[in-house]
Structure formats: C-alpha cells, structure tokens
Number of protein chains: 2
Amino acid sequence: MNFMTQNQAMKISKSDRTRAHILEAARLLFAEHGYDGASIRDVAAHASIDPAMVIRYFRSKDELFARAAVVDLHLPELRVIDRAAIGETLIRRFLEIWEGPASGPGMTILLRSAMSNDFAAEKLREVFANQVRPVVAAVGDPADAGRRAGLVSSQLLGLAMCRYLLRLPPVVALSHDELVRNVGAALQHYVTGEDQS
Amino acid sequence: MNFMTQNQAMKISKSDRTRAHILEAARLLFAEHGYDGASIRDVAAHASIDPAMVIRYFRSKDELFARAAVVDLHLPELRVIDRAAIGETLIRRFLEIWEGPASGPGMTILLRSAMSNDFAAEKLREVFANQVRPVVAAVGDPADAGRRAGLVSSQLLGLAMCRYLLRLPPVVALSHDELVRNVGAALQHYVTGEDQS
DNA sequence: TGCATTTGTCAACAGTCGTTGGCATATGAA
DNA sequence: TTCATATGCCAACGACTGTTGACAAATGCA
C-alpha cells in the first residue's frame with residue numbers, strides 16, 4: 001500500500017491539516033471579535049499561513065464563517081425526563097454548552113455576530129427552529145410550542161449574552177447553583193406553565 | 001435686538017439644525033446596522049450633507065456614536081409600588097421603552113453594537129450599574145441587589161434581542177398580555193424571590 | 001457697500017478589506 | 001530522473017474606510 005492510497009483512505013493529507021488549522025483559527029477569532037472584527041488576514045496570521053490560502057481552502061469569507069458557525073446543542077429529549085426537573089435539566093445543559101470543555105465556540109460565534117450580520121442572525125434562527133423548538137414541543141401542548149420555546153430562548157440567550165459576551169459583573173459572578181435555582185425555576189415555568197419545587 | 005443675540009439666546013442657529021440632522025441620521029443608521037455597519041458616508045448621505053461635515057460637527061466617528069448612544073430608561077421607583085406588581089411594572093416599562101412612541105432608539109443602538117464593540121459594551125454595563133441596579137436595590141436586600149438586577153437584565157436584554165434585533169418569529173408574535181403574564185412573573189420572582197399569583 | 005465668520009463642498013490622504021492571478025517550491029508517482 | 005500535482009508565497013487589484021486641508025459660497029454685522 002503506497003502513501004497516496006493510504007492518505008486517500010485515512011483522509012489526512014497535508015491540505016486537510018492546513019484546512020483544519022485555518023478553521024480552528026477562524027473559530028477562535030470569529031468568537032472573539034465577530035464577523036466584521038475578524039479579518040481574513042488575522043485568521044491567516046493565526047494559522048501561520050498566507051491570506052490567499054484561506055480563500056483557496058474556503059471560497060470566501062462568508063463560506064469560512066458558515067463552516068465556523070456550525071452548532072449542535074445536543075439538547076436532551078425532555079419526554080424521558082421527570083417533568084418537574086425540566087427547568088433544571090435545561091439550565092444544566094446550557095452551562096455545559098457554554099462552559100463545558102467538550103463544546104466548541106459555535107454558539108459564541110453565532111451570538112457575537114447575530115446582532116449586526118444577517119447571515120449569522122438567520123443561522124441562529126435556524127438553530128432555534130431546528131433544535132430548540134422541537135425539544136420544547138415534545139412536552140406540553142405542541143400548538144404553543146413556539147411561544148414556550150421563544151420564552152426559553154429569550155432567557156437563555158439573554159443569560160449567555162450578559163454572562164459570556166457582555167460580561168456583566170454580577171451575572172458573571174453567579175454560581176452554577178444560583179443559576180440552576182433561579183433561572184431553572186423560570187425555565188420550568190416557561191416550558192410547563194407550572195412552578196418548580 | 002439683532003439676529004445674532006437672538007440666536008445666541010434661543011440656541012437655534014443653522015449649525016444647530018444641521019447638527020441635529022446629522023445626529024438623527026446617525027441614530028437611525030447605528031440602530032439599524034450597528035457601529036461597523038454604519039459608515040460616516042452613509043450618515044452624511046442620510047443627512048444630505050458632505051461626509052467632512054460629520055467630522056467637523058462631531059470630532060470623530062467614536063464621538064458621534066457616543067452622542068447617539070445616550071440612554072435614559074426612566075425606570076419607576078419600585079419602592080412606591082405594590083410589591084406584588086413589581087414584575088408587571090417592569091415588563092410594562094420595558095415595552096414602553098422598546099415600542100412606545102416617545103423613546104428613541106438609544107437601547108437598540110447600544111444593544112446592536114455591544115456584542116462586537118467594546119465602547120458600546122462598556123456603555124451598556126454603565127446603564128446597568130447606574131439605572132437598573134439602583135432601582136432593584138431599592139427593594140429587598142441591597143446586599144444581593146447585583147444578583148437580582150443581573151437576573152432581571154439577562155431576561156429583559158434577552159427578550160429585547162430575540163424580539164427586536166434577532167426577530168425570532170415566535171417571540172415577535174407574543175402579545176403584550178402574554179409578555180406581561182409570563183415574563184412579568186419571572187421578573188417578579190427574580191426581584192423579590194416570591195411568585196406572582 | 002465691504003468684510004469676517006460661518007457653513008459647506010471637493011479631492012485626496014493613508015490605511016484596511018476581500019479577493020485574484022502569477023510564480024515558486026515541495027511532494028510523490030512514473 | 002522526469003514530470004505532474006499539491007501546496008504555498010507574493011504582489012497587486014479595486015473598493016471602502018475615517019479623516020484632513022484647501023477652497024468656495026453664504027451669512028450677517030460694520
């Protein structure tokens with residue numbers, strides 16, 4: 001077996017590694033400075049490569065952003081969960097997404113740019129429609145799932161914004177326990193119409 | 001009494017009118033497209049004037065933005081309000097600020113740019129510290145006013161973001177009554193630690 | 001009428017941006 | 001070795017940015 005067929009089979013050519021480096025740099029910079037604030041030249045510098053290569057690997061800045069802004073929330077199925085623990089489950093998953101070691105900066109990228117970039121805004125609306133709303137619709141009346149999912153999202157996106165992007169000091173200072181107790185109760189109310197505890 | 005002294009006394013020279021036109025155009029465009037998305041040339045075009053004049057009247061784009069991003073929430077004093085109606089009072093004032101005819105686009109300007117512009121973010125943190133937090137501190141234990149005001153802000157900024165900037169369809173569709181009932185209850189819980197009935 | 005001040009236009013500056021095409025080098029198959 | 005391909009650098013393009021200084025017109029007081 002020669003090198004060529006080996007590379008084709010294992011999918012780890014040199015170009016693949018460069019491609020991954022560029023994407024990693026892009027995700028970092030888009031998350032930190034937003035779509036406008038992160039230039040292709042910045043991304044190239046962070047990937048130790050020429051700016052022209054960024055365009056060669058990804059056809060344009062828009063396409064690079066689209067590849068960087070991929071999000072999978074991995075929300076739990078609320079049907080199989082104790083109905084009284086839905087609020088707590090959601091806020092715990094939220095903290096995992098934003099502070100856990102496994103999840104990438106996808107949501108940071110999207111949220112940072114969604115206020116001033118139409119593409120990011122549309123992508124964020126898609127995350128809501130495809131990942132949040134169906135999960136909420138699985139419990140309670142599906143007819144007003146939009147309303148309940150919208151309320152949940154307004155609270156959680158607001159919390160993410162204040163805690164991780166705006167860095168409002170008192171919100172940054174909130175402990176996980178405080179968040180689970182306070183925000184968890186509000187989410188519980190939004191999703192089920194009932195109170196926690 | 002000649003024109004000069006009249007103008008000096010009444011403060012309505014031609015330059016003042018031009019200045020106001022520029023500021024009005026800037027507030028509109030900053031609110032719609034954010035700090036980066038609104039160029040000085042755009043502002044000048046909307047004010048039907050040369051771009052150089054924008055710099056002459058306001059020394060720089062930063063200073064123009066600072067003048068445009070002035071916010072006064074006019075929050076009510078919660079002490080003089082029925083304790084059980086605090087949540088409803090807050091959400092009603094929120095709707096007045098964002099949808100009422102009297103209030104300008106100040107908060108839209110700030111929120112739209114705060115995710116990717118450090119100055120706007122700092123300005124928004126100041127609004128929280130100087131206008132939101134003191135109001136919440138007037139009821140309940142002042143020691144944890146930061147925590148309670150932070151929770152309130154996360155919910156209300158999240159709602160503003162989803163409803164007015166991101167325009168998440170189900171959140172846009174929420175009626176005032178639904179918002180008062182659902183979000184009002186959550187705010188009541190955040191501020192007082194008690195539930196609305 | 002003159003004249004100084006205000007108000008405004010125009011052209012250009014230095015810089016950054018996304019993007020492109022040409023050319024060099026390295027790689028690996030024949 | 002020979003040669004095609006993959007990978008990369010360099011220079012430049014056209015467009016846009018905030019900002020500046022020189023000059024023109026309008027204004028209003030003497």
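We use all heavy atoms of the structure for the numbers below, so side chains are in, but hydrogens, waters and symmetry mates are not.
Using a 4.0 Å cut-off, some side-chain N or O of T18(B) falls inside it from OP1 or OP2 of dG8(C). Remark: S39(A) is not in phosphate contact with dT16(C), judged by side-chain N or O atoms under 4.0 Å from OP1 or OP2.
I40(A) places its CD1 atom 6 Å from the C1' atom of dG18(C), with the value rounded to the nearest Å. N117(B) has its CG atom 15 Å from the C1' atom of dT17(D), to the nearest Å. What separates CG of D62(A) from C1' of dC17(C) is a distance of 13 Å, to the nearest Å. As a whole-Å value, the separation of R56(A) CZ from dT7(D) P is 9 Å. Put simply, NE2 on H33(A) is 17 Å from C1' on dC17(C), counting in whole angstrom units. The separation between I22(B) atom CD1 and dG18(D) atom C1' is 15 Å, rounded to whole Å. Spacing between atom CZ of F58(A) and atom P of dG18(C) amounts to 15 Å, rounded to whole angstrom units. With rounding to whole Å, D36(B) atom CG is found 16 Å from dC16(D) atom P.
Judged by closest nucleotide on DNA chain C, D42(A) is the one of D42(A) and R59(A) placed further toward the 5' end. Comparing I49(A) and R41(B), the nucleotide of DNA chain D nearest to each residue sits closer to the 5' end for I49(A).
For D50(B), the listed nucleotide lying nearest its side chain is dT9(C); candidates were dT9(C), dG8(D), dC10(D). Set against dT7(C), dG21(C), dT19(C), the side chain of I55(A) has dT19(C) as its closest nucleotide. Of all nucleotides listed (dA12(C), dT19(C), dT9(C)), dT19(C) comes nearest to the side chain of P51(A). When distances are taken from the side chain of K61(A) to each of dT19(C), dG8(D), dT9(C), the shortest belongs to dT19(C).
A cation-pi arrangement, defined by a distance under 6.0 Å to the six-membered ring centre and an angle within 45 degrees of its axis, is absent between R147(B) and Y190(B).
The list of side-chain hydrogen bond (donor to acceptor under 3.5 Å, both in side chains) pairs with a residue in residues 20-35 of chain B, not counting sequence neighbours, reads Y35(B)-D62(B).
Ring pair F94(B)/Y164(B) is tilted by interplanar angle, where 30° to 60° counts as tilted.
The side-chain hydrogen bond (donor to acceptor under 3.5 Å, both in side chains) test with H176(A) singles out one residue from R181(A), E99(A), R92(A), and that residue is E99(A).
Grouped with V172(B) in a hydrophobic cluster is no other residue, since no side-chain heavy-atom contact under 4.5 Å to another Ile, Leu, Val, Met, Phe, Trp or Tyr is found.
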